[in-house]
Amino acid sequence: MPSVQSNTRSGTSSPVQKTLKTWWKESTVYQVYPASFKDSNGDGIGDLQGVISKLDYIKSLGANIVWLSPIFCSPQVDMGYDVSDYYNIYRPYGTVEDLDQLTAAIHQRGMKLVLDLVVNHTSDQHRWFQEARSSRANPYRDWYIWKKPRYGEDGKPQPPNNWKSYFGGSAWEYDEPSGEYYLHLFAKEQPDLNWENPYVRAAVHDVIRYWLQKGADGFRMNAINLISKDQSFPNAEVTDPYSPWQNGTKHFACGPRLHEYLQGIGKILKQYDAFSVGEMPEVYDLNEMLRSIGADRSELSMVFHFESVTLDHGHGSKFTSRKWDLHELKSIVSRWQTFMHENNGWNTLYLENHDQPRAVSRFGSDEPEHRASSAKMLATFLGLQSGTLFIYQGQELGMPNVPKHWGIEQYRDIETLNHWNEITASDPLNTPLHEACLLEYRLKSRDNARTPMQWDDSPNAGFSSVRPWLPVHDDYQDLNAVNQVNDKDSVYHYWVNMLRLRKAYPDILVYGSFELLCPEHPDLFIYTRTAPSGRALIVTNFRPREVPWSWPIAEVAYVASRSGEVVLSNAGRTSHTLSNTITLQPFEAFVWLSGTETSRL
Ligand code: GLC
Ligand code: CA
């Protein structure tokens with residue numbers, strides 16, 4: 001124990017622990033992006049048999065829930081987030097029998113399976129939409145959102161309002177034969193379902209029940225807070241005077257009937273004690289979030305908020321440049337952490353997924369000398385907060401963003417390509433603007449996270465025997481799973497150790513309270529997790545340089561009366577090298593556990 005001085009031995013009193021215990025709070029989720037995980041049959045696309053072959057790897061890491069990004073039939077306009085049949089598997093990924101086999105293999109290992117439920121919209125190839133589009137009198141017409149045009153001075157039809165699509169352009173598409181527009185908040189091939197229609201809700205409930213009965217243990221619910229729209233479909237406020245299309249989120253994020261709809265879903269989930277996590281972009285009101293996840297609400301288990309992962313989005317568009325700021329990150333994290341703990345809600349912990357760039361490149365450093373240490377630092381920062389932890393494939397290896405030499409030809413993501421096409425069409429000769437966009441794509445394009453998983457140093461990184469659908473990162477000969485599993489000092493093993501720590505002390509690290517220390521410190525993110533049984537102090541240096549550090553005054557009293565130990569470090573720090581004042585290494589992270597025996601590790 002460091003020789004901290006204190007003139008009191010009383011310490012800080014432990015907060016009352018009121019969080020209810022459940023299996024999914026103690027779980028760690030591993031997200032598999034099927035197209036890029038493991039190709040078992042040599043067509044360059046990952047598949048379900050590939051996932052089965054890697055379940056032991058996921059289990060050894062220490063995760064116990066596998067979340068599969070969409071695997072259902074889809075024309076893949078948006079990588080499966082455009083479903084054309086909720087009851088069958090996209091053929092290149094396999095068959096329903098393969099999914100049965102995967103479900104059984106997951107359960108045999110004592111793990112759980114979470115499917116991605118995409119029901120704000122379907123694909124335009126879904127039978128429901130094909131019917132709906134076929135005529136205004138078709139019974140499925142009202143399963144989607146159709147509106148009459150407005151007419152401009154030239155007499156031409158105009159969209160019914162000024163809402164913009166998240167993937168660029170108007171959120172309305174004109175259907176010439178029927179003379180009406182349909183709403184699509186994402187691509188025009190992703191028409192929004194009309195949740196006002198009880199048949200739509202019943203059809204979604206059927207899908208949910210079907211997969212739960214077949215053995216799924218829960219769902220990640222895509223863009224679920226967008227399902228209830230303001231039925232007057234008002235124009236959005238003009239925030240971008242240069243565009244005819246405006247952000248209408250206010251009129252459909254957490255809309256008027258959202259909670260009624262979520263309770264409808266929640267009833268079914270409850271019967272199966274199922275897991276649920278709702279993706280909820282563009283919500284900043286924590287009380288509103290709590291209405292979806294509060295323990296007494298019977299809606300969802302938890303939600304993904306977007307505050308931390310939009311810190312580097314500039315005004316109006318994610319591809320506008322902006323530097324993220326550590327103070328902002330601190331205030332977001334501590335606001336969510338303390339609010340959920342105090343109000344019997346529950347947090348999700350994530351930095352990466354299939355929509356986000358790689359965390360090392362974004363919040364750490366992907367320079368060779370810092371990549372591994374910053375990946376470990378970020379694992380420590382994230383993984384010991386309060387909430388259910390989500391790891392995205394490759395994050396456990398510290399995989400970075402796409403190589404710097406990628407040109408636009410390498411990208412496949414619809415969001416990136418639509419943005420590029422819009423920019424180059426409206427400003428074709430503006431080379432500096434085009435260059436600036438390419439720079440932003442390397443920082444924030446969704447393809448950064450979608451390059452194939454790097455299993456070993458064989459051609460195509462052991463992902464596939466042929467050239468994959470998206471190029472493998474150049475660094476795979478060095479950075480791959482086999483190398484890291486064989487190296488006790490690797491990023492992979494650091495994650496293993498961190499997850500082991502989390503599991504050994506659930507009272508503190510799952511259910512304990514959170515307190516941010518040194519909120520004003522410009523370089524370090526320091527926090528504590530406290531339970532009646534003990535406390536963990538988590539210290540992380542977010543800078544690529546040495547930073548001097550003194551034991552926080554607030555901790556002195558607590559520490560002085562208890563013994564403790566360094567239980568995790570990415571820089572070889574031990575209890576002996578910890579004193580009142582030390583110099584933290586670039587991207588150093590360590591965890592000091594006190595007030596409890598450390599023999600559980
Ligand atoms: C969600 C998905 C994203 C998809 C979008 C539209 O945000 O995570 O990948 O593009 O919904 O379905
Ligand atoms: Ca395949």
Side-chain angles (χ1 to χ4, degrees), residues 31-54 67-72 74-84 89-95 98 114-124 126 165-168 171 183-193 219-227 249 252-253 277-283 303-306 309-310 318 348 350 352-357 390 392 412-419 444-450 452-453 460 462-470:
Q31 183 189 353
V32 168
Y33 196 62
S36 300
F37 193 59
K38 173 71 187 167
D39 174 20
S40 72
N41 62 349
D43 62 358
I45 304 172
D47 45 56
L48 296 181
Q49 286 298 330
V51 181
I52 293 174
S53 72
K54 295 296 181 187
W67 154 24
L68 288 181
S69 273
I71 50 169
F72 299 121
S74 161
Q76 304 287 329
V77 168
D78 186 20
M79 294 300 295
Y81 284 94
D82 46 329
V83 178
S84 54
I89 309 297
Y90 174 55
R91 201 62 193 85
Y93 291 163
T95 60
D98 291 320
V114 164
L115 297 175
D116 218 310
L117 185 74
V118 187
V119 289
N120 171 68
H121 46 268
T122 67
S123 159
D124 63 348
H126 197 291
S165 145
Y166 287 117
F167 291 159
L183 179 71
H184 60 89
L185 295 181
F186 296 90
K188 67 178 190 325
E189 295 86 354
Q190 295 169 297
D192 280 52
L193 281 164
F219 297 94
R220 177 259 185 191
M221 299 187 188
N222 192 66
I224 199 68
N225 64 325
L226 309 183
I227 59 180
T249 306
F252 48 75
V277 52
E279 186 200 29
M280 296 216 174
E282 310 234 26
V283 189
V303 294
F304 292 125
H305 75 76
F306 279 66
V309 297
T310 47
K318 84 184 243 186
T348 54
Y350 80 101
E352 290 188 19
N353 62 37
H354 63 292
D355 293 332
Q356 301 301 329
F390 289 74
Y392 177 73
R412 293 284 174 277
D413 167 34
I414 182 173
E415 180 188 51
T416 309
L417 296 179
N418 281 2
H419 184 265
K444 289 174 258 177
S445 165
R446 307 194 298 180
D447 280 336
N448 285 301
R450 298 178 179 183
M453 185 66 184
N460 308 309
F463 162 74
S464 175
S465 54
V466 300
R467 212 169 74 167
W469 70 278
L470 188 69

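Atoms within each ligand, like the ligands themselves, are counted from 1 in listed order. Heavy atoms only: backbone and side chains are in, while hydrogens, waters and symmetry mates are out.
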Engineer: Show me which atoms of ligand 1 lie under 4.0 Å from any heavy atom of F167.
Structural biologist: 10 (O)

Engineer: What's the atom name of the N, O or S in D47 nearest to the Ca ion (ligand 2)?
Structural biologist: OD2

Engineer: Can you name the N, O or S atom of D39 that is closest to the Ca ion (ligand 2)?
Structural biologist: OD1

Engineer: Quick check: of its N, O or S atoms, which one does D43 have closest to the Ca ion (ligand 2)?
Structural biologist: OD1

Engineer: Of the side chain and backbone of E415, name the one, both, or neither that has a heavy atom under 4.0 Å from an atom of ligand 1.
Structural biologist: neither

Engineer: Does M79 approach ligand 1 within less than 4.0 angstrom via side chain, backbone, both or neither, non-hydrogen atoms only?
Structural biologist: neither

Engineer: Looking only at heavy atoms, what is the nearest atom pair of M79 and A35, with distance?
Structural biologist: CE-CB, 3.7 Å

Engineer: Starting from atom 12 (O) of ligand 1, find the nearest protein heavy-atom neighbour and note its residue, name and distance.
Structural biologist: H121 NE2, 2.9 Å

Engineer: Among protein heavy atoms, which sits nearest to atom 9 (O) of ligand 1, and what does the distance come to when rounded to 0.1 Å?
Structural biologist: D355 OD1, 2.7 Å

Engineer: Give a yes/no answer: is there an N/O/S atom of N41 under 3.0 Å from the Ca ion (ligand 2)?
Structural biologist: yes

Engineer: Give the numbers and elements of all ligand 1 atoms closer than 4.0 Å to a heavy atom of R446.
Structural biologist: 3 (C), 4 (C), 9 (O), 10 (O)

Engineer: Counting only heavy atoms, tell me which of V83, N120, N222 gets closest to atom 11 (O) of ligand 1.
Structural biologist: N222

Engineer: Measure across N460 and V466 and return the closest heavy-atom pair with its distance rounded to 0.1 Å.
Structural biologist: ND2-O, 3.2 Å

Engineer: Measure the distance from atom 4 (C) of ligand 1 to every protein heavy atom, then report the residue, atom name and distance (to 0.1 Å) of the closest one.
Structural biologist: D78 OD2, 3.1 Å

Engineer: Tell me the closest heavy-atom pair linking F463 and S36, and the distance in Å.
Structural biologist: CE1-C, 3.3 Å

Engineer: Can you list the steps and then say if D355 with K444 is a salt bridge (charged side-chain N to carboxylate O under 4.0 Å, His left out)?
Structural biologist: CA-CA 9 Å; D355 293 332; K444 289 174 258 177; over 6 Å; no

Engineer: At a threshold of 3.0 Å, where the distance has to be below it, does the Ca ion (ligand 2) have an N, O or S atom of I45 nearby?
Structural biologist: yes

Engineer: Of all the heavy-atom pairs spanning A223 and E279, show the shortest one and how long it is.
Structural biologist: N-OE1, 2.7 Å

Engineer: Strictly by modelled atom types, are D98 and T95 linked by a side-chain donor-acceptor pair under 3.5 Å?
Structural biologist: yes

Engineer: How long is the span from the CG atom in D78 to the CZ atom in F167, to the nearest 0.5 Å?
Structural biologist: 4.0 Å

Engineer: Here's a test for you: under ring-ring contact (aromatic ring centres under 6.0 Å, His included), which of Y392, F390, Y81 qualifies with H354?
Structural biologist: Y81

Engineer: Locate the shortest heavy-atom distance separating P191 from S123; write the atom from each residue and the value.
Structural biologist: CD-C, 3.8 Å

Engineer: Would you kindly specify which portion of R220 sits under 4.0 Å from ligand 1, judged on non-hydrogen atoms: side chain, backbone, both or neither?
Structural biologist: side chain

Engineer: Specify the protein heavy atom at minimum distance from atom 7 (O) of ligand 1: its residue, its atom name, and the distance to 0.1 Å.
Structural biologist: E279 OE2, 2.8 Å

Engineer: Which heavy-atom pair separates P281 from N225 by the least distance, and what is that distance?
Structural biologist: O-ND2, 2.9 Å

Engineer: Examine the proximity of ligand 1 to F186 and report which part, side chain or backbone, both or neither, has a heavy atom under 4.0 Å away.
Structural biologist: side chain

